[in-house]
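Note that the structure is predicted; figures quoted are calculated from it, not measured.
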Amino acid sequence: MNYIIAIDQSTSATKALLFDEQCRVVARSSVDHNQYYPQSGWVEHDAEEIYHNMVEAIRIVLNVKSSELRDITQTQTKVSQHSTLNSQQYSLSITNQRETAVVWNRKTGKPIARAVVWQDTRGAALCRQLLADGIGPTVMAKSGLLIDPNFSASGIKWLLDNTPSAREMASKGELLMGTIDTWLIWKLTGGRVHATDTTNASRTMLFNIHTMRWDDDLLALFDIPRSMMPEVKACDEIYGETTVEGLFPEPIAIAGVLGDSHGALVGQMCFDKGSGKVTYGTGSSVMVNIGHEPLTPPEGLVTSVGFSAFGKTWYSFEGNIYSTGATLKWMCDQLQLVGKPQEMEAIATSVPDNGGVYIVPAFSGLGAPWWQNDVKGAIVGLTFATTKAHVVRAALESIAFQIKDLVDVMTCIPSPDGTAAANSSFFILHSSLKELCADGGPTKNRFLMQLQADLLGTPVVCTEVDDASALGAALMNGFARGVWKSFDEVIPLRKVTEVYQPDSQPLTSHLYEDWRNAVKQLIK
(Lines give C-alpha, C1' and ligand atoms only; values in the text may rest on other atoms or scores of the structure.)
Protein backbone atom coordinates (compact mmCIF):
# COMPACT_ATOMS: atom_id res chain seq x y z
CA MET A 1 0.00 0.00 0.00
CA ASN A 2 1.27 3.47 -0.93
CA TYR A 3 0.41 6.52 1.15
CA ILE A 4 0.15 10.26 0.53
CA ILE A 5 0.91 12.53 3.47
CA ALA A 6 -1.21 15.64 2.95
CA ILE A 7 -0.11 18.66 4.98
CA ASP A 8 -2.99 21.05 5.66
CA GLN A 9 -1.31 24.11 7.13
CA SER A 10 -4.17 26.35 8.25
CA THR A 11 -4.43 29.64 10.11
CA SER A 12 -4.79 27.95 13.48
CA ALA A 13 -3.01 24.59 13.18
CA THR A 14 -0.96 22.24 11.06
CA LYS A 15 -2.60 18.94 10.19
CA ALA A 16 -1.05 15.86 8.69
CA LEU A 17 -3.44 13.41 7.04
CA LEU A 18 -2.38 10.03 5.73
CA PHE A 19 -4.34 9.03 2.62
CA ASP A 20 -4.18 5.73 0.85
CA GLU A 21 -4.49 5.72 -2.93
CA GLN A 22 -8.23 5.18 -2.67
CA CYS A 23 -8.37 8.61 -0.98
CA ARG A 24 -9.30 7.12 2.38
CA VAL A 25 -7.92 8.84 5.48
CA VAL A 26 -6.13 6.21 7.54
CA ALA A 27 -4.51 8.51 10.11
CA ARG A 28 -4.69 12.14 11.15
CA SER A 29 -2.84 14.47 13.51
CA SER A 30 -2.96 18.17 14.32
CA VAL A 31 -0.66 20.59 16.12
CA ASP A 32 -1.81 24.13 16.98
CA HIS A 33 0.45 27.14 16.66
CA ASN A 34 0.47 30.47 18.49
CA GLN A 35 -1.35 33.56 17.30
CA TYR A 36 0.38 36.91 17.88
CA TYR A 37 -1.49 40.22 18.06
CA PRO A 38 1.20 42.81 18.84
CA GLN A 39 -0.96 45.79 17.87
CA SER A 40 -4.57 46.44 16.93
CA GLY A 41 -5.14 45.00 13.46
CA TRP A 42 -1.86 43.06 13.42
CA VAL A 43 -1.91 39.27 13.20
CA GLU A 44 1.35 37.31 13.08
CA HIS A 45 2.61 33.72 13.00
CA ASP A 46 6.02 32.29 13.81
CA ALA A 47 7.07 30.61 10.53
CA GLU A 48 9.71 28.47 12.24
CA GLU A 49 7.15 27.24 14.77
CA ILE A 50 4.85 26.27 11.88
CA TYR A 51 7.64 24.30 10.21
CA HIS A 52 8.52 22.44 13.43
CA ASN A 53 4.83 21.74 14.02
CA MET A 54 4.52 20.31 10.52
CA VAL A 55 7.42 17.92 11.16
CA GLU A 56 5.85 16.96 14.49
CA ALA A 57 2.44 16.36 12.89
CA ILE A 58 4.04 14.06 10.32
CA ARG A 59 5.99 12.26 13.02
CA ILE A 60 2.79 11.67 15.00
CA VAL A 61 0.76 10.45 12.06
CA LEU A 62 3.43 7.93 11.14
CA ASN A 63 3.08 6.42 14.61
CA VAL A 64 -0.53 5.53 13.97
CA LYS A 65 -1.15 2.07 12.55
CA SER A 66 -2.25 2.64 8.97
CA SER A 67 -5.13 0.19 9.37
CA GLU A 68 -6.82 2.36 11.96
CA LEU A 69 -8.37 5.83 11.86
CA ARG A 70 -7.49 7.86 14.93
CA ASP A 71 -7.54 11.49 15.90
CA ILE A 72 -4.35 12.18 17.85
CA THR A 73 -2.92 15.29 19.45
CA GLN A 74 0.72 15.88 20.11
CA THR A 75 0.18 15.23 23.83
CA GLN A 76 -1.23 11.74 23.39
CA THR A 77 1.59 9.96 21.64
CA LYS A 78 5.29 9.64 22.24
CA VAL A 79 7.07 9.78 18.94
CA SER A 80 10.13 8.06 17.57
CA GLN A 81 12.30 7.95 14.47
CA HIS A 82 11.15 5.68 11.67
CA SER A 83 14.32 4.12 10.36
CA THR A 84 12.33 1.08 9.18
CA LEU A 85 9.93 3.04 6.99
CA ASN A 86 9.91 2.21 3.30
CA SER A 87 10.37 5.62 1.70
CA GLN A 88 9.10 4.33 -1.64
CA GLN A 89 5.63 3.91 -0.12
CA TYR A 90 5.26 7.59 0.80
CA SER A 91 5.04 10.99 -0.80
CA LEU A 92 4.12 14.43 0.54
CA SER A 93 1.63 17.08 -0.61
CA ILE A 94 0.87 20.54 0.78
CA THR A 95 -2.17 22.78 1.05
CA ASN A 96 -1.92 25.96 3.08
CA GLN A 97 -3.42 29.13 4.44
CA ARG A 98 -3.10 31.61 1.62
CA GLU A 99 -1.73 35.17 1.47
CA THR A 100 0.19 34.84 4.75
CA ALA A 101 3.67 36.09 3.83
CA VAL A 102 7.13 35.14 5.11
CA VAL A 103 10.39 36.96 4.33
CA TRP A 104 13.65 35.23 5.22
CA ASN A 105 17.41 35.45 4.77
CA ARG A 106 18.53 33.06 2.05
CA LYS A 107 21.93 32.59 3.74
CA THR A 108 20.88 31.98 7.36
CA GLY A 109 17.44 30.51 6.59
CA LYS A 110 15.95 32.69 9.33
CA PRO A 111 12.83 34.84 8.89
CA ILE A 112 13.53 38.55 9.31
CA ALA A 113 10.27 38.89 11.28
CA ARG A 114 7.14 36.95 12.08
CA ALA A 115 4.91 36.12 9.15
CA VAL A 116 2.23 38.67 8.27
CA VAL A 117 -1.05 36.73 8.35
CA TRP A 118 -3.80 37.20 5.78
CA GLN A 119 -6.03 38.70 8.51
CA ASP A 120 -3.45 41.43 9.21
CA THR A 121 -4.48 44.97 8.23
CA ARG A 122 -1.22 46.90 8.70
CA GLY A 123 -1.10 47.47 4.95
CA ALA A 124 -4.51 49.17 4.91
CA ALA A 125 -3.14 52.74 4.71
CA LEU A 126 -1.01 51.86 1.69
CA CYS A 127 -3.95 50.14 0.02
CA ARG A 128 -6.19 53.15 0.60
CA GLN A 129 -3.57 55.44 -0.93
CA LEU A 130 -3.22 53.23 -4.01
CA LEU A 131 -6.98 53.20 -4.45
CA ALA A 132 -7.11 56.98 -4.07
CA ASP A 133 -4.40 57.23 -6.74
CA GLY A 134 -6.61 55.30 -9.14
CA ILE A 135 -4.39 52.19 -9.32
CA GLY A 136 -7.23 49.77 -8.57
CA PRO A 137 -8.26 49.00 -12.18
CA THR A 138 -4.64 48.30 -13.19
CA VAL A 139 -4.12 45.87 -10.32
CA MET A 140 -7.45 44.16 -11.03
CA ALA A 141 -6.69 43.86 -14.74
CA LYS A 142 -3.36 42.15 -14.08
CA SER A 143 -3.88 40.16 -10.87
CA GLY A 144 -7.66 39.69 -10.81
CA LEU A 145 -7.63 41.04 -7.25
CA LEU A 146 -8.93 44.08 -5.44
CA ILE A 147 -6.30 46.21 -3.70
CA ASP A 148 -6.60 45.01 -0.12
CA PRO A 149 -4.25 44.15 2.78
CA ASN A 150 -5.75 40.65 2.77
CA PHE A 151 -3.39 39.86 -0.12
CA SER A 152 0.34 39.43 0.41
CA ALA A 153 1.90 42.42 -1.38
CA SER A 154 1.25 45.18 1.16
CA GLY A 155 2.44 43.00 4.05
CA ILE A 156 5.70 42.16 2.27
CA LYS A 157 6.31 45.83 1.49
CA TRP A 158 5.64 46.71 5.13
CA LEU A 159 8.22 44.16 6.31
CA LEU A 160 10.83 45.48 3.89
CA ASP A 161 10.14 49.09 4.86
CA ASN A 162 9.99 48.57 8.62
CA THR A 163 12.48 45.79 9.46
CA PRO A 164 16.03 47.07 10.13
CA SER A 165 18.39 46.50 7.15
CA ALA A 166 15.69 44.64 5.20
CA ARG A 167 15.68 47.01 2.25
CA GLU A 168 19.46 46.85 1.95
CA MET A 169 19.51 43.07 2.15
CA ALA A 170 16.68 42.80 -0.39
CA SER A 171 18.53 45.03 -2.85
CA LYS A 172 21.57 42.75 -2.55
CA GLY A 173 19.48 39.64 -3.29
CA GLU A 174 19.90 38.29 0.23
CA LEU A 175 16.19 37.94 1.04
CA LEU A 176 13.53 35.53 -0.19
CA MET A 177 9.79 35.71 0.19
CA GLY A 178 6.97 33.27 -0.05
CA THR A 179 3.59 32.18 1.12
CA ILE A 180 3.56 29.38 3.71
CA ASP A 181 3.80 26.63 1.08
CA THR A 182 6.99 28.20 -0.28
CA TRP A 183 8.53 28.43 3.18
CA LEU A 184 7.73 24.80 4.00
CA ILE A 185 9.09 23.52 0.66
CA TRP A 186 12.28 25.56 1.10
CA LYS A 187 12.77 24.16 4.61
CA LEU A 188 11.90 20.58 3.65
CA THR A 189 14.40 20.62 0.81
CA GLY A 190 17.16 22.22 2.84
CA GLY A 191 16.95 25.42 0.81
CA ARG A 192 17.34 23.67 -2.54
CA VAL A 193 13.87 24.56 -3.84
CA HIS A 194 12.32 28.03 -3.72
CA ALA A 195 8.95 27.53 -5.40
CA THR A 196 5.22 28.07 -5.10
CA ASP A 197 2.22 26.98 -7.13
CA THR A 198 -0.03 29.00 -9.40
CA THR A 199 -2.90 29.26 -6.89
CA ASN A 200 -0.83 30.68 -4.04
CA ALA A 201 0.97 32.99 -6.47
CA SER A 202 -2.36 34.32 -7.70
CA ARG A 203 -3.25 35.48 -4.17
CA THR A 204 -0.20 37.71 -3.64
CA MET A 205 -1.34 40.69 -5.80
CA LEU A 206 2.04 40.38 -7.58
CA PHE A 207 1.17 37.66 -10.14
CA ASN A 208 -0.29 38.29 -13.59
CA ILE A 209 -3.04 35.71 -14.08
CA HIS A 210 -3.02 36.30 -17.87
CA THR A 211 0.70 35.78 -18.49
CA MET A 212 1.02 33.39 -15.49
CA ARG A 213 4.21 35.17 -14.39
CA TRP A 214 5.31 37.57 -11.69
CA ASP A 215 4.41 40.99 -13.03
CA ASP A 216 7.17 43.62 -13.23
CA ASP A 217 4.71 46.51 -12.91
CA LEU A 218 3.11 45.06 -9.77
CA LEU A 219 6.51 44.28 -8.23
CA ALA A 220 7.58 47.87 -8.91
CA LEU A 221 4.33 49.23 -7.46
CA PHE A 222 5.10 47.55 -4.13
CA ASP A 223 8.88 48.00 -4.44
CA ILE A 224 9.59 44.27 -4.15
CA PRO A 225 12.73 42.97 -5.94
CA ARG A 226 12.15 40.14 -8.41
CA SER A 227 15.11 38.32 -6.84
CA MET A 228 12.92 37.58 -3.81
CA MET A 229 10.24 35.78 -5.79
CA PRO A 230 9.87 31.98 -5.96
CA GLU A 231 9.58 29.89 -9.11
CA VAL A 232 5.93 29.26 -10.02
CA LYS A 233 4.89 25.68 -10.81
CA ALA A 234 1.63 23.93 -11.68
CA CYS A 235 -0.30 22.32 -8.83
CA ASP A 236 0.32 18.81 -10.17
CA GLU A 237 4.12 18.92 -10.35
CA ILE A 238 6.86 17.26 -8.34
CA TYR A 239 8.52 20.06 -6.37
CA GLY A 240 11.47 18.26 -4.85
CA GLU A 241 12.47 15.62 -2.31
CA THR A 242 12.77 15.51 1.47
CA THR A 243 13.54 13.14 4.32
CA VAL A 244 11.40 15.34 6.65
CA GLU A 245 14.29 15.99 9.02
CA GLY A 246 15.38 12.37 8.87
CA LEU A 247 11.99 10.77 9.52
CA PHE A 248 12.46 8.80 6.30
CA PRO A 249 15.65 6.86 5.57
CA GLU A 250 15.53 7.94 1.92
CA PRO A 251 14.04 11.08 0.36
CA ILE A 252 10.36 11.08 -0.56
CA ALA A 253 8.73 13.23 -3.27
CA ILE A 254 7.03 16.54 -2.53
CA ALA A 255 4.27 16.54 -5.13
CA GLY A 256 0.96 18.40 -5.30
CA VAL A 257 0.76 21.93 -3.88
CA LEU A 258 -2.11 24.43 -3.79
CA GLY A 259 -3.81 26.93 -1.51
CA ASP A 260 -6.42 25.62 0.91
CA SER A 261 -9.53 27.03 -0.79
CA HIS A 262 -8.30 25.74 -4.14
CA GLY A 263 -7.56 22.40 -2.53
CA ALA A 264 -11.17 22.24 -1.39
CA LEU A 265 -12.37 23.10 -4.92
CA VAL A 266 -10.39 20.10 -6.19
CA GLY A 267 -11.29 17.92 -3.20
CA GLN A 268 -14.98 18.59 -3.83
CA MET A 269 -14.41 17.49 -7.46
CA CYS A 270 -15.47 20.89 -8.86
CA PHE A 271 -13.70 20.21 -12.14
CA ASP A 272 -16.48 21.51 -14.39
CA LYS A 273 -17.11 25.12 -15.30
CA GLY A 274 -19.87 26.50 -13.07
CA SER A 275 -19.41 24.08 -10.16
CA GLY A 276 -18.97 25.71 -6.77
CA LYS A 277 -18.01 25.06 -3.17
CA VAL A 278 -17.91 26.74 0.22
CA THR A 279 -15.21 26.04 2.78
CA TYR A 280 -16.04 26.70 6.42
CA GLY A 281 -12.72 27.30 8.14
CA THR A 282 -11.20 30.10 10.22
CA GLY A 283 -12.60 32.27 7.48
CA SER A 284 -14.68 31.02 4.58
CA SER A 285 -14.21 30.92 0.84
CA VAL A 286 -16.98 30.68 -1.72
CA MET A 287 -15.41 29.68 -5.03
CA VAL A 288 -16.78 28.76 -8.43
CA ASN A 289 -14.93 27.24 -11.38
CA ILE A 290 -15.24 29.62 -14.37
CA GLY A 291 -13.23 27.57 -16.86
CA HIS A 292 -10.07 28.38 -18.78
CA GLU A 293 -10.55 32.14 -19.24
CA PRO A 294 -9.76 34.68 -16.46
CA LEU A 295 -13.03 36.61 -16.68
CA THR A 296 -13.63 39.97 -15.02
CA PRO A 297 -15.34 39.27 -11.70
CA PRO A 298 -18.56 40.84 -10.40
CA GLU A 299 -18.04 43.83 -8.14
CA GLY A 300 -16.92 42.73 -4.69
CA LEU A 301 -15.41 39.45 -5.91
CA VAL A 302 -12.00 38.51 -7.30
CA THR A 303 -10.65 36.23 -10.01
CA SER A 304 -7.92 33.76 -9.07
CA VAL A 305 -6.29 30.70 -10.52
CA GLY A 306 -8.63 27.92 -9.42
CA PHE A 307 -6.07 25.17 -10.05
CA SER A 308 -3.63 24.04 -12.72
CA ALA A 309 -3.25 20.44 -13.80
CA PHE A 310 -2.64 18.31 -16.89
CA GLY A 311 -1.06 21.29 -18.64
CA LYS A 312 -4.15 23.50 -18.32
CA THR A 313 -5.33 26.27 -15.99
CA TRP A 314 -8.82 26.63 -14.52
CA TYR A 315 -9.81 30.00 -13.10
CA SER A 316 -12.31 30.85 -10.38
CA PHE A 317 -14.45 33.63 -9.04
CA GLU A 318 -14.07 33.88 -5.31
CA GLY A 319 -15.25 35.80 -2.31
CA ASN A 320 -13.54 35.52 1.06
CA ILE A 321 -15.04 36.03 4.48
CA TYR A 322 -12.57 36.83 7.23
CA SER A 323 -14.33 35.38 10.28
CA THR A 324 -16.57 32.31 10.33
CA GLY A 325 -14.96 29.48 12.30
CA ALA A 326 -12.89 32.19 14.00
CA THR A 327 -16.14 33.64 15.34
CA LEU A 328 -17.00 30.33 17.00
CA LYS A 329 -13.49 30.09 18.46
CA TRP A 330 -13.88 33.63 19.81
CA MET A 331 -17.15 32.63 21.49
CA CYS A 332 -15.33 29.78 23.22
CA ASP A 333 -11.90 31.23 23.98
CA GLN A 334 -12.53 34.92 24.55
CA LEU A 335 -16.14 35.24 25.70
CA GLN A 336 -16.11 31.75 27.21
CA LEU A 337 -19.84 31.40 26.60
CA VAL A 338 -19.30 27.87 25.30
CA GLY A 339 -16.71 25.22 26.10
CA LYS A 340 -16.21 24.08 22.49
CA PRO A 341 -17.89 24.73 19.12
CA GLN A 342 -19.50 21.28 19.13
CA GLU A 343 -21.75 22.43 22.01
CA MET A 344 -23.16 25.39 20.11
CA GLU A 345 -25.87 23.61 18.13
CA ALA A 346 -27.72 22.41 21.22
CA ILE A 347 -27.51 25.85 22.83
CA ALA A 348 -28.61 27.65 19.66
CA THR A 349 -31.64 25.42 19.15
CA SER A 350 -32.74 25.78 22.77
CA VAL A 351 -34.41 29.06 21.73
CA PRO A 352 -36.87 29.46 18.84
CA ASP A 353 -35.04 32.41 17.25
CA ASN A 354 -32.19 34.85 17.77
CA GLY A 355 -34.28 37.28 19.82
CA GLY A 356 -33.35 40.09 17.44
CA VAL A 357 -29.62 39.68 18.10
CA TYR A 358 -27.16 39.87 15.19
CA ILE A 359 -23.38 39.49 15.35
CA VAL A 360 -21.33 41.21 12.65
CA PRO A 361 -17.94 39.50 13.13
CA ALA A 362 -15.72 42.21 11.63
CA PHE A 363 -12.74 41.37 13.85
CA SER A 364 -10.37 42.20 10.98
CA GLY A 365 -12.82 44.28 8.97
CA LEU A 366 -15.34 42.90 6.50
CA GLY A 367 -14.22 40.93 3.47
CA ALA A 368 -16.17 40.23 0.28
CA PRO A 369 -18.48 41.62 -0.90
CA TRP A 370 -18.21 44.58 1.49
CA TRP A 371 -14.41 45.12 1.59
CA GLN A 372 -14.52 47.46 4.58
CA ASN A 373 -11.20 47.06 6.40
CA ASP A 374 -11.75 49.68 9.08
CA VAL A 375 -15.09 48.33 10.33
CA LYS A 376 -15.11 46.85 13.84
CA GLY A 377 -17.24 43.94 14.92
CA ALA A 378 -20.52 44.47 16.74
CA ILE A 379 -23.37 42.71 18.48
CA VAL A 380 -26.61 44.43 17.48
CA GLY A 381 -30.05 44.16 19.06
CA LEU A 382 -29.21 43.39 22.69
CA THR A 383 -32.05 43.77 25.20
CA PHE A 384 -32.64 42.71 28.79
CA ALA A 385 -34.35 39.62 27.35
CA THR A 386 -31.17 38.52 25.54
CA THR A 387 -29.70 35.24 26.79
CA LYS A 388 -26.50 33.33 26.09
CA ALA A 389 -28.46 31.11 23.72
CA HIS A 390 -29.48 34.09 21.59
CA VAL A 391 -25.88 35.25 21.28
CA VAL A 392 -24.64 31.75 20.41
CA ARG A 393 -27.38 31.37 17.82
CA ALA A 394 -26.50 34.76 16.34
CA ALA A 395 -22.86 33.69 16.00
CA LEU A 396 -23.84 30.62 13.97
CA GLU A 397 -26.32 32.61 11.90
CA SER A 398 -23.65 35.18 11.03
CA ILE A 399 -21.76 32.47 9.14
CA ALA A 400 -24.77 31.55 7.00
CA PHE A 401 -25.60 35.21 6.35
CA GLN A 402 -22.09 36.00 5.13
CA ILE A 403 -22.12 33.02 2.76
CA LYS A 404 -25.43 34.20 1.34
CA ASP A 405 -23.95 37.67 0.82
CA LEU A 406 -21.37 36.15 -1.51
CA VAL A 407 -23.62 33.70 -3.34
CA ASP A 408 -26.12 36.48 -4.05
CA VAL A 409 -23.38 38.54 -5.69
CA MET A 410 -22.26 35.55 -7.75
CA THR A 411 -25.74 34.59 -8.87
CA CYS A 412 -27.47 37.89 -9.62
CA ILE A 413 -25.49 40.93 -10.76
CA PRO A 414 -27.68 43.78 -12.07
CA SER A 415 -26.30 46.46 -14.36
CA PRO A 416 -26.74 50.15 -13.42
CA ASP A 417 -30.00 50.44 -15.38
CA GLY A 418 -31.45 47.51 -13.46
CA THR A 419 -31.28 45.00 -16.30
CA ALA A 420 -29.11 41.92 -16.43
CA ALA A 421 -25.38 42.53 -16.65
CA ALA A 422 -24.07 42.54 -20.20
CA ASN A 423 -21.24 40.22 -19.26
CA SER A 424 -22.87 36.81 -19.10
CA SER A 425 -19.92 35.53 -17.07
CA PHE A 426 -21.53 37.24 -14.09
CA PHE A 427 -24.27 34.61 -14.22
CA ILE A 428 -22.05 31.58 -14.55
CA LEU A 429 -22.96 30.20 -11.13
CA HIS A 430 -26.61 31.19 -11.41
CA SER A 431 -27.06 29.11 -14.52
CA SER A 432 -25.80 25.95 -12.87
CA LEU A 433 -26.28 26.32 -9.12
CA LYS A 434 -27.95 22.99 -8.54
CA GLU A 435 -26.06 22.47 -5.30
CA LEU A 436 -23.28 23.97 -3.23
CA CYS A 437 -20.58 21.58 -1.97
CA ALA A 438 -19.54 22.27 1.62
CA ASP A 439 -16.57 21.23 3.71
CA GLY A 440 -14.94 22.12 7.01
CA GLY A 441 -15.62 21.49 10.69
CA PRO A 442 -18.83 23.59 10.93
CA THR A 443 -20.52 21.27 8.40
CA LYS A 444 -21.12 18.97 11.38
CA ASN A 445 -23.52 21.59 12.78
CA ARG A 446 -26.91 20.55 11.42
CA PHE A 447 -28.60 23.78 12.47
CA LEU A 448 -26.08 25.84 10.53
CA MET A 449 -26.20 23.65 7.42
CA GLN A 450 -30.01 23.62 7.29
CA LEU A 451 -30.12 27.40 7.75
CA GLN A 452 -27.57 27.76 4.94
CA ALA A 453 -29.70 25.69 2.58
CA ASP A 454 -32.84 27.62 3.55
CA LEU A 455 -31.20 31.00 2.98
CA LEU A 456 -29.75 30.01 -0.40
CA GLY A 457 -32.76 28.05 -1.60
CA THR A 458 -30.21 25.50 -2.82
CA PRO A 459 -29.20 22.04 -1.55
CA VAL A 460 -26.04 22.08 0.53
CA VAL A 461 -24.01 18.91 -0.02
CA CYS A 462 -21.56 17.71 2.65
CA THR A 463 -19.01 15.08 1.74
CA GLU A 464 -17.34 12.31 3.71
CA VAL A 465 -13.94 13.98 3.98
CA ASP A 466 -14.09 16.94 6.35
CA ASP A 467 -10.65 18.01 5.17
CA ALA A 468 -11.44 18.64 1.51
CA SER A 469 -8.40 20.90 1.14
CA ALA A 470 -6.11 18.05 2.15
CA LEU A 471 -7.92 15.69 -0.22
CA GLY A 472 -7.37 18.18 -3.05
CA ALA A 473 -3.64 18.24 -2.29
CA ALA A 474 -3.57 14.43 -2.23
CA LEU A 475 -5.32 14.31 -5.62
CA MET A 476 -2.79 16.73 -7.10
CA ASN A 477 -0.04 14.53 -5.67
CA GLY A 478 -1.54 11.53 -7.45
CA PHE A 479 -1.87 13.45 -10.72
CA ALA A 480 1.78 14.53 -10.45
CA ARG A 481 3.00 10.96 -9.90
CA GLY A 482 0.74 9.40 -12.53
CA VAL A 483 -1.43 7.48 -10.05
CA TRP A 484 -4.50 8.97 -11.76
CA LYS A 485 -4.35 10.24 -15.32
CA SER A 486 -7.63 12.15 -15.52
CA PHE A 487 -10.34 13.79 -13.41
CA ASP A 488 -12.77 11.06 -14.43
CA GLU A 489 -10.68 8.49 -12.57
CA VAL A 490 -11.12 10.24 -9.20
CA ILE A 491 -14.69 11.56 -9.41
CA PRO A 492 -16.12 8.20 -8.20
CA LEU A 493 -14.05 8.59 -5.02
CA ARG A 494 -16.26 11.49 -3.83
CA LYS A 495 -18.65 10.28 -1.14
CA VAL A 496 -21.62 12.41 -0.07
CA THR A 497 -22.59 12.08 3.60
CA GLU A 498 -25.47 14.53 3.94
CA VAL A 499 -27.63 16.67 1.67
CA TYR A 500 -29.57 19.53 3.26
CA GLN A 501 -32.60 20.39 1.17
CA PRO A 502 -33.92 23.96 1.47
CA ASP A 503 -37.09 24.38 3.47
CA SER A 504 -38.79 27.54 2.27
CA GLN A 505 -39.66 29.59 5.32
CA PRO A 506 -40.73 33.26 5.30
CA LEU A 507 -38.65 33.71 8.45
CA THR A 508 -35.34 33.31 6.63
CA SER A 509 -35.91 36.28 4.31
CA HIS A 510 -36.84 38.44 7.29
CA LEU A 511 -33.73 37.31 9.14
CA TYR A 512 -31.51 38.11 6.20
CA GLU A 513 -33.01 41.56 5.74
CA ASP A 514 -32.32 42.32 9.40
CA TRP A 515 -28.73 41.04 8.98
CA ARG A 516 -28.17 43.41 6.07
CA ASN A 517 -29.50 46.28 8.13
CA ALA A 518 -27.13 45.38 10.97
CA VAL A 519 -24.14 45.44 8.59
CA LYS A 520 -25.21 48.75 7.06
CA GLN A 521 -25.19 50.34 10.52
CA LEU A 522 -21.43 49.76 10.64
CA ILE A 523 -20.15 50.46 7.13
CA LYS A 524 -19.39 53.94 5.82
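The existence of a salt bridge linking Asp197 and Lys233 is excluded, since no basic side-chain nitrogen approaches an acidic carboxylate oxygen closer than 4.0 Å. Under the 4.0 Å criterion applied to side-chain N and carboxylate O atoms, Arg516 and Asp405 are assigned as salt-bridge partners. Between Glu498 and Lys444, none of the side-chain N atoms (NZ, or NE/NH1/NH2) sits under 4.0 Å from a carboxylate O, so this pair counts as no salt bridge. A salt bridge links Glu21 with Arg481: the distance from a Lys NZ or Arg NE/NH1/NH2 to an Asp or Glu carboxylate oxygen falls below 4.0 Å. Classification of Arg203 and Glu318 as a salt-bridged pair holds, one side-chain N sitting under 4.0 Å from a carboxylate O.
Without hydrogens or angle criteria, Gln268 side chain to Leu265 main chain gives no donor-acceptor distance under 3.5 Å. Under a 3.5 Å cut-off, the side chain of Asn289 and the backbone N or O of Ser316 do not form any donor-acceptor pair. Using a distance-only test at 3.5 Å, with no hydrogens or angles considered, a donor-acceptor pair links the side chain of Asp148 to the main chain of Asn150. Using a distance-only test at 3.5 Å, with no hydrogens or angles considered, no donor-acceptor pair links the side chain of Ser304 to the main chain of Gly306. In this structure, Ser152 contributes its side chain and Glu99 its backbone to a donor-acceptor pair below 3.5 Å. Checking side-chain atoms of Thr121 against main-chain N and O of Gly41 turns up a donor-acceptor pair under 3.5 Å. For Thr100 (side chain) and Trp118 (main-chain N/O), a donor-acceptor pair under 3.5 Å exists by modelled atom type. A donor-acceptor pair under 3.5 Å is formed between the side chain of Trp214 and the backbone N or O of Pro230. Thr497 contributes a side-chain N or O that, together with a main-chain N or O of Cys462, makes up a donor-acceptor pair within less than 3.5 Å. In this structure, the side chain of His33 engages the main chain of Thr11 through a donor-acceptor pair within 3.5 Å.
Side-chain contact check for His262 versus Val305: every heavy-atom pair is 4.5 Å or farther apart. The side-chain heavy atoms of Ile5 and Ile58, taken from C-beta on, include a pair separated by under 4.5 Å. Within the 4.5 Å cutoff, no side-chain heavy atoms of Tyr239 are placed close to those of Ser93. At a threshold of 4.5 Å between non-hydrogen side-chain atoms, the residues Trp515 and Ser398 count as touching. In this structure the side chain of Trp186 never reaches within 4.5 angstrom of the side chain of Arg192, judged on heavy atoms. Leu206 places a side-chain heavy atom less than 4.5 Å from the side chain of Phe222. Between Leu221 and Asp217, the closest side-chain pair of non-hydrogen atoms is not below 4.5 Å. Two residues are said to be in side-chain contact when any heavy atoms from C-beta on lie closer than 4.5 Å; Thr196 and Val257 fail this criterion.
Between the side chains of Thr279 and Lys277, a donor-acceptor pair is found at a separation under 3.5 Å. Neither side chain, Thr95 nor Asp260, offers a donor N or O lying under 3.5 Å from an acceptor on the other. Defined by atom type and a distance below 3.5 Å, a donor-acceptor pair is present between the side-chain atoms of Thr324 and Ser284. At a cut-off of 3.5 Å, with distance as the only test, no side-chain donor of Gln97 or Ser10 sits close to an acceptor on the other residue. If you check the side chains of Asp8 and Ser469, you find no donor sitting under 3.5 Å from an acceptor. Of the N and O atoms on the side chains of Thr189 and Thr242, not one donor lies less than 3.5 Å from an acceptor on the other residue. Side-chain contact annotation: Asn517 with Glu513, donor-acceptor N/O pair under 3.5 Å absent.
Between His194 and Met228, the shortest heavy-atom contact is CE1-O, 3.1 Å. Closest approach of Val499 to Pro459, counting heavy atoms only: CG1-CB, 4.1 Å. For the pair Lys485 and Phe310, the tightest heavy-atom approach, listed with the atom from each and the gap, is O-CE2, 3.6 Å. The shortest heavy-atom contact between Leu92 and Ile7 is CD1-CG1, 3.6 Å. Across all non-hydrogen atoms, the minimal contact from Trp104 to Met177 is CZ3-C, 3.7 Å.
Ring to ring, Tyr322 and Phe363 are not that close: their centroids are 6.0 angstrom or more apart.
In this structure, Arg213 is not positioned above the aromatic face of Phe207 in the sense of NZ or CZ being under 6.0 Å from the six-membered ring centre and within 45° of the axis.
Residue Lys15 qualifies as open at atom NZ: its count of foreign heavy atoms under 6.0 Å is 12 or below.
Relative ring orientation between Phe271 and Phe487 is described as parallel, the plane-to-plane angle staying below 30° on a 0-90° scale split at 30° and 60°. The aromatic rings of His292 and Trp314 sit tilted, their planes meeting at an angle between 30° and 60°.
Of the candidates Asn200, Thr179, Thr14, Asn200 is the only one forming a side-chain hydrogen bond (donor to acceptor under 3.5 Å, both in side chains) with Asn96.
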